[in-house]
Each structure stands twice: as C-alpha cells, then as structure tokens.
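To start, the structure under review is shown below, and the notes come after it.
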Amino acid sequence: MSELATTRSGWRRFVRSDGFVSILAVVLALVIGGLLIAFTNPNVQATMGYFFAKPADFFAEAWYTVTSAYAAMFRGAVYNYQATDFLGAINPLSETLTQATPLITAALGVAVAFRAGLFNIGAQGQIILGAAVGGYIGFAIHLPGPLHILLVVIGSMVGGAVWAGLAGWLKARTGAHEVIVTIMLNYVATYLLAWLLLTPLMQRPGSSDPVSPQIDASAFYPLLVPGTNLRVHFGFIIAIAATLVTSWLLSRSKLGFQLRAVGANPGAARSAGMSVAMATVVAMAIAGALAGLSGAAQVSGTEHVVVEGIAATIGFDAITVALLGRSKPLWVFLSALLFGAFRAGGVVMQTDTGTPVDIVLVVQSLIVLFIAAPALTRRIFMIRDSKRTPKKPSVAKAVAAEPAKAPAEAPAEGATR
C-alpha cells in the first residue's frame, strides 16, 4: 500500500510540474495549429458550405488535411518513411539537428543571462559579431585543419563575449537597462557587418556584392557522416558539450551559484559579499560566448561565408527556446531540437501539402504564449499548481472553530489572603 501511495504521489508531482505543463503547452499549440490548418484549407472551406447537409464530409476533410500536414512535417523533421533508402529516410533528422545546432548554443546564452536575472535580447548581435570574427579568421588566416577550426571557434566566442560583455559593463557601471542596450547593440552589429562587407577588409575581391570570401576548407566543421548528403556537422557535438558545460556551470560550480544568487536576490547576494557588478559582466560575457558559438556554426558549419543575413532569426528564436526550456540547459537543448524540427518540417509541410509555412510560426508563438502563462495552461487542463500553498484559515474562522473555554473560577477567600 505504501509503494502504491508513493507511486501516486510521484505521478501527482510530475503532472503538476513545470516540465509537464510545458509539454501540455506544446500539445495545446499543436491542436490550435491543427484548427488553423483545417479552416484555412480550401477543401475544408468548401465542405463548410453544406455542413448541415453532410457534416461527415467536413470532419473527414478536416481530419485528412490536418493529419496530412502534420505527417508531412514529421517526414521533413524526423523520418521520411516514403524514402527508398536509409540515408534518404534519416535525412530529415539530419536537417533537424543542423537547424537546431545554432539554436542550442544561442538559447543557452540567453538562459545563462536569465538565471543571473538579466534579460539578454542581444543574442542576434552577438551571433553576428561571432560570425564576423570567426569568418575573418576562416578566410584571412591559413592554418591546418583542427587548429584552424579551434581558432575560428575561439574567435567567435571572443567576439560574442566582448559584444555582450559591453552591455553587461554598461549595466554594471551606469545602471543602463540591459534590454535597451542589447536591442541597440543588435542594430549596431547589423549595420557594422553591412559596412564591413563593403570594405576591403571583408568584401570578396572582384565582387560588388556584400559577401566575404569563402573560408578555407580547413576551417569547415567536419560532417558527422562524411561521404553522404547529410548536413549535420561537428557543430552539433560542440552544442552537446556546451549544454553539459553550462549545466555543470549553473548547478555545480561556485560561479554558477553566485550567478543564480545574484539573479534570485541581488541585495542578499551583495550582503553575502558577492559582487553584483562583476556577476553581471561575467554572466553577459558567458552568454555572448555561447551565442558566438552559434556564429561559428553558421560560418564553419553551413554557410562557409559571411553575409548580411548570417544570423537569420536565430538570436530572436533563441529567446523563445530559452523561455520554453525554462532556462534549464537540458530542457533548452530539447526545446531547440523541437524548434529545429519545426523549421525543417515546415518546409516539407508547405511543399507537399500546400499548407502555409507561417502556420509553423503561429504554433511557435502559441507555445510561447502558453509557456509564458502557465496558469492559463493549468486552468485549461484543470491541473492544480503544486507550488501554491494552501490558504490559511482566517482568524475569525480559527476563533469560531476553537472550543469555548470555561471561565476561570474565582479564587477561594482563603487564597487571597
């Protein structure tokens, strides 16, 4: 009986946990996305014209439309069961890992800043600076393979760390809000790169386009499955290592404890002898270094050149991924894989079924909405919050519930003397 009670208690804690609520948020977003897919499909709209005459046609067409769209997304993101060879079947998984690689490290950087009480909106600019520095090292310096890759990675991390550290220093030194500073630095990084790509420093010789020379082959990330068309590269291994190191840093190291303490209560951390200003600068520098790894993944892993759109929307998507992962490295890693699957599968969903790829963006936005409002998700699924403390009875109720005491007897006449 005790084992059964323990099992039920453990299951109850899991159902009420934040992780399970995040899973429910994804499921709820997919359900609403399915409704949008159905009601925007022309065939489904046609059956709505005679819905009351033949309602079965509407439900059948809607079910076929939604299942076809999500099946196409699965074929484009996880496993293509229609492929005739094994490599073709696992190519979607390779694309998912490739798309998720820069998201993982950038989101880890955002998560580190979150845990330190900082809202890092500047991952986009930090990726751009990391890609610019790493790309320049890739085509301007000629070294043997492993050493060249290592130098590109270090350069990208330094570029991102300096750019984010500047925001941290401004906050620590002048009190400037990191949200405003990092947003402005995003614009500065974007236009700085655009200018650099039109100067002899980075522009490809003989070209008028804003594009850098291709980096040396010695600076390419090696493919994990060489000799095939699978694009997943060594950057994914670096992303796994970054996840493990970040997890250890935040949960096991003295520096991680200081960052979490400052993020939880800066006043108490200051009273305990911790330097809040130093923690702010260090947290932002670490966040920028991780975002710089995303720039290295773009340059050495997939693009092999530096262009104006080298960061795409990775820096902004990283904020979403960090929120979905609740700033915990393992959950951030899994969330990035999910968003990588959305990216890879959305293209196939649009190609095979004609479903607008914007539906994927709507689903991602809904996930963020339900993650940001966990109380709404709990209310929809009727789940009690395990962190909510039971209400204390009021004083009036406590007095009413307390049994009346008999009045004390008057002391005897002899006792008063």
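Nothing fancy with the numbering, it's 1 onward along the sequence.
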>> Let's go through Ile383 and Phe20 carefully: what are the C-alpha distance in whole Å and the side-chain angles of both, what is the deciding distance for side-chain contact (heavy atoms from CB on, under 4.5 Å) to 0.1 Å, and is it a yes or a no?
In response: CA-CA 10 Å; Ile383 298 176; Phe20 187 71; 4.1 Å; yes

> Can you list the steps and then say if Leu324 with Phe339 is a side-chain contact (heavy atoms from CB on, under 4.5 Å)?
Replying inline: CA-CA 10 Å; Leu324 178 59; Phe339 273 63; 3.5 Å; yes

>> As a quick check of understanding, evaluate side-chain contact (heavy atoms from CB on, under 4.5 Å) for Leu87 and Asn91, giving each step before the final call.
In response: CA-CA 6 Å; Leu87 290 178; Asn91 185 64; over 6 Å; no

>> As a quick check of understanding, evaluate side-chain contact (heavy atoms from CB on, under 4.5 Å) for Phe370 and Ile32, giving each step before the final call.
In response: CA-CA 12 Å; Phe370 294 127; Ile32 298 177; 3.6 Å; yes

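At distances below 3.5 Å, at least one donor-acceptor pair connects side-chain atoms of Gln45 with backbone N or O atoms of Phe39. A donor-acceptor pair is defined here as one N or O able to donate and one able to accept, closer than 3.5 Å; no such pair exists between the side chain of Asp358 and the backbone of Leu361. Distance alone, capped at 3.5 Å, is enough to place a donor-acceptor pair between the Thr67 side chain and the Tyr64 backbone. Proximity of a side-chain donor or acceptor of Ser335 to a complementary backbone N or O of Trp331 within less than 3.5 Å is detected. No donor-acceptor pair under 3.5 Å is formed between the side chain of Asp57 and the backbone N or O of Thr47. With hydrogens and angles ignored, the 3.5 Å screen pairs a side-chain donor or acceptor of Ser275 with a backbone N or O of Met278. A donor-acceptor contact shorter than 3.5 Å links the side chain of Thr182 to the backbone of Val179. Distance alone, capped at 3.5 Å, is enough to place a donor-acceptor pair between the Thr96 side chain and the Pro92 backbone.
Counting heavy atoms from C-beta outward, Leu118 and Lys171 have side chains that approach closer than 4.5 Å. Side-chain contact between Val305 and Arg204 is present, with heavy atoms from C-beta onward closer than 4.5 Å. Contact check for Phe342 versus Val357: no side-chain heavy atoms found under the 4.5 Å cut-off. In this structure the side chain of Lys328 never reaches within 4.5 angstrom of the side chain of Leu250, judged on heavy atoms. Contact of the Val44 side chain with the Ile37 side chain is not registered, since no non-hydrogen atoms from C-beta on lie closer than 4.5 Å. In this structure, the side chains of Leu103 and Ser294 stay at 4.5 Å or more apart for every pair of heavy atoms. In this structure, Gln124 and Tyr187 have side chains that are not in contact, with every pair of non-hydrogen atoms separated by 4.5 Å or more. Met284 has its side chain within reach of Asn120: a pair of non-hydrogen atoms, C-beta onward, lies under 4.5 Å apart.
Tyr81 OH: more than 12 foreign heavy atoms inside a 6.0 Å radius. At most 12 non-hydrogen atoms from other residues, nucleotides or ligands lie less than 6.0 angstrom from OH of Tyr191. The neighbour count for Tyr136 OH, taken as heavy atoms of other residues, nucleotides or ligands under 6.0 Å away, does not exceed 12.
Tyr79 has its ring centre no less than 6.0 Å from the ring centre of Phe74.
The shortest non-hydrogen separation linking Ala29 to Leu366 is CB-CB, 3.8 Å. The two residues Ala123 and Val110 come nearest to each other via the heavy atoms CB-CG2, 4.0 Å. Nearest heavy atoms, Ala131 versus Val306: O-CG2, 3.7 Å. Trp163 approaches Leu185 most closely through the heavy-atom pair NE1-O, 3.2 Å. Across all non-hydrogen atoms, the minimal contact from Ser218 to Leu143 is OG-O, 3.1 Å. When all heavy atoms of Ala164 and Gly288 are compared, the pair lying nearest together is CB-CA, 3.5 Å.
Test Ile137, Ile141, Val299 against Ile215 for side-chain contact (heavy atoms from CB on, under 4.5 Å) and you get one pass: Val299.
By the 30° and 60° cut-offs, the orientation of the rings of Phe236 relative to Phe333 is tilted. Ring-plane geometry between Tyr221 and Phe234 is classed as perpendicular, the angle between the planes exceeding 60 degrees on a 0 to 90 degree scale with a lower cut at 30.
A donor and an acceptor atom, one from each side chain of Thr302 and Arg231, are nowhere located under 3.5 Å apart. Residues Ser68 and Thr353 have side chains that never bring a donor and an acceptor to within less than 3.5 angstrom of each other. With 3.5 Å as the limit, one finds no donor-acceptor pair spanning the side chains of Glu61 and Asn41.
Taking CD1 of Ile127 as the start and CG of Leu193 as the end, the distance is 12.5 Å to the nearest 0.5 Å. From Phe114, atom CZ reaches atom CZ of Arg326 across 12.5 Å, with rounding to the nearest 0.5 Å. Distance CD1/Ile121 to CD1/Ile319: 4.0 Å, rounded to 0.5 Å. Atom CD1 in Ile23 sits 12.5 Å away from atom OG1 in Thr377 (nearest 0.5 Å). In this structure, Ile238 CD1 and Thr101 OG1 are separated by 9.5 Å, a value rounded to the nearest 0.5 Å. Atom CD1 of residue Ile90 and atom CD of residue Glu95 lie 11.5 Å apart, to the nearest 0.5 angstrom.
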